[in-house]
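One structure is given below, encoded as structure tokens.
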Amino acid sequence: MTMYKDFAEYMREKFPGEKVQKISVNAGFSCPNRDGTIGRGGCIYCDNTSFTPGYCFNHGDIVSQLEEGKRFFARKYPKMKYLAYFQSFSNTFGRPVSELERMYREALGVDGVVGLIIGTRPDTLPDDVVSMLSRLNREKPVIVEIGAETSHDSTLKVINRGHKWRDVEDAVERLHSAGISVGLHLIAGLPGEDEEMVLTTVRRAVALPIESIKLHHLQVLSSTPLARMMADGELTVSLFNVEDYIELCIRIIKLVPRNIAIERFLASSPPARVLAPKWGMKNYEFVNLLRSRLSKE
């Protein structure tokens, strides 16, 4: 079976001849389903600190975080180039467009930074922000990573997202029309969803003008509303084992055309915070198992 396009291949296509690494940036954003704009509490599964590197909390300013990230990666790859990855929470939300542009330009001004990845929600991308991102994209590449999670509005309500799938479609179309590369973040195994629902989401996602997908299975993390809801019996969630998730990923790969990259398959939460499922496996270990299985197709 033909292997899927991974993140490394995607980066080689966008930055020929360069080795490029993402450096996460915490710029102090929140989300509209956290601060009362549309809701409180955030997504029921979310513990943002579980996937944000420690250096993002040690320094307040963007340049210091990028410089610390550069020092870490330069030990291994002295000629590395970097993407400033605005990762934590919704990085187009709650700030004037002029302030957003100032922050993004600050990141782009750091030596060795060749582009931006901006993680955000589909409902926090008004036209003036899209226009600003389009201007930046004409100077250095900008990728917008949208948290879609699922295409099923009933699930989006259960997980307290506060938006609908139509918002995802609209945001992707407007970004694409503005010449901006778009990726979608999806979660497999959300409450109430079976494998066929996950595959429906993938079909709907790849029908949009996107360049990449980031996928992971649902993890129950300590100190999240999901953990409490499961403990109280409010929600029942069917969690994947490794073998079943590999089989689902193979079905997903068959649906994703070769022009769309699949950046990852697993979340990277610290094991101590994971209540279930406890696989004890890193993304590269899972990918090795998956590729071995794919080679037999």
Side-chain angles (χ1 to χ4, degrees), residues 4-5 10 14 29 31-34 37-39 42-46 86-87 89-94 97 100 116-134 136-137 141-216 218 248 251-264:
Y4 61 93
K5 182 195 297 185
Y10 178 45
K14 292 193 83 68
F29 286 90
C31 295
N33 63 344
R34 285 179 172 271
T37 302
I38 60 172
C43 303
I44 64 172
Y45 50 79
C46 183
F86 286 78
Q87 179 181 19
F89 299 105
S90 301
N91 291 273
T92 57
F93 171 65
V97 67
L100 292 174
L116 299 176
I117 301 179
I118 299 170
T120 193
R121 294 165 51 101
D123 55 345
T124 60
L125 286 160
D127 288 342
D128 58 349
V129 171
V130 172
S131 295
M132 178 269 292
L133 294 175
S134 182
L136 291 180
N137 188 55
V142 174
I143 301 169
V144 175
E145 183 178 288
I146 295 175
E149 321 312 358
T150 176
S151 69
H152 302 283
D153 287 347
S154 58
T155 309
L156 290 168
K157 185 176 181 179
V158 169
I159 64 176
N160 196 38
R161 282 293 292 178
H163 65 76
K164 296 185 176 181
W165 175 249
R166 179 62 197 137
D167 297 315
V168 175
E169 295 175 320
D170 175 67
V172 172
E173 294 288 355
R174 288 187 295 112
L175 288 164
H176 177 71
S177 295
I180 300 167
S181 300
V182 185
L184 292 183
H185 181 273
L186 306 176
I187 301 176
L190 290 167
E193 293 201 0
D194 58 19
E195 291 191 9
E196 290 306 317
M197 292 177 74
V198 177
L199 296 173
T200 295
T201 290
V202 173
R203 291 187 188 97
R204 291 171 177 169
V206 300
L208 298 173
I210 63 173
E211 292 187 0
S212 65
I213 287 172
K214 289 177 76 173
L215 173 71
H216 69 75
L218 179 67
L248 176 62
R251 296 178 72 188
I252 288 170
I253 288 168
K254 292 177 180 179
L255 295 176
V256 179
R258 195 65 172 67
N259 63 301
I260 297 176
I262 304 178
E263 292 193 32
R264 74 175 190 200

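Everything numeric in this text was worked out from a predicted model, so none of it was measured. Atom set for the values below is all heavy atoms of this structure, side chains included, hydrogens, waters and symmetry mates excluded.
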Q) So, are E211 and K14 salt-bridged, with charged N and O less than 4.0 Å apart? A) yes
[X]-[Y] side chain donor-acceptor pair, cut-off 3.5 Å:
X: H152; Y: E193; answer: no
X: S212; Y: K5; answer: no
X: S90; Y: T124; answer: no

Q | Residues L199, L255; criterion side-chain contact (heavy atoms from CB on, under 4.5 Å); working and verdict | A | CA-CA 8 Å; L199 296 173; L255 295 176; 3.8 Å; yes
(Q) Among residues at least two apart in sequence or on other chains, which ones pass side chain to side chain contact (heavy atoms under 4.5 Å, CB included) with A188? (A) V198, L215, F240, Y245, L248
Q: Please name all residues satisfying side chain to side chain contact (heavy atoms under 4.5 Å, CB included) with K164, sequence neighbours left out, ordered by chain then number.
A: D153, D167
Q | Point-to-point distance, once rounded to the nearest 0.5 Å, from CG of L116 to CG of N137 | A |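 Separation between the atoms: 9.0 Å.
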Q: Could you grab the distance from atom CG of L186 to atom CD1 of I252, nearest 0.5 Å is fine?
A: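 Spacing of CG (L186) from CD1 (I252) equals 8.0 Å.
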Q) Only one of E263, E145, E149 clears side chain to side chain donor-acceptor pair (under 3.5 Å) with H185; which? A) E149
Q | Full working for side-chain contact (heavy atoms from CB on, under 4.5 Å) between D123 and D170 | A | CA-CA 9 Å; D123 55 345; D170 175 67; over 6 Å; no
Q: Could you walk me through whether R251 and E196 pass the salt bridge (charged side-chain N to carboxylate O under 4.0 Å, His left out) test, one step at a time?
A: CA-CA 10 Å; R251 296 178 72 188; E196 290 306 317; 2.7 Å; yes
Q | Closest approach of I159 to Y45 (non-hydrogen atoms, all atoms of both residues) | A | CD1-CE2, 3.8 Å
Q: Identify the heavy atoms of I262 and Y4 that sit nearest to each other, and give their distance.
A: O-CE1, 3.8 Å
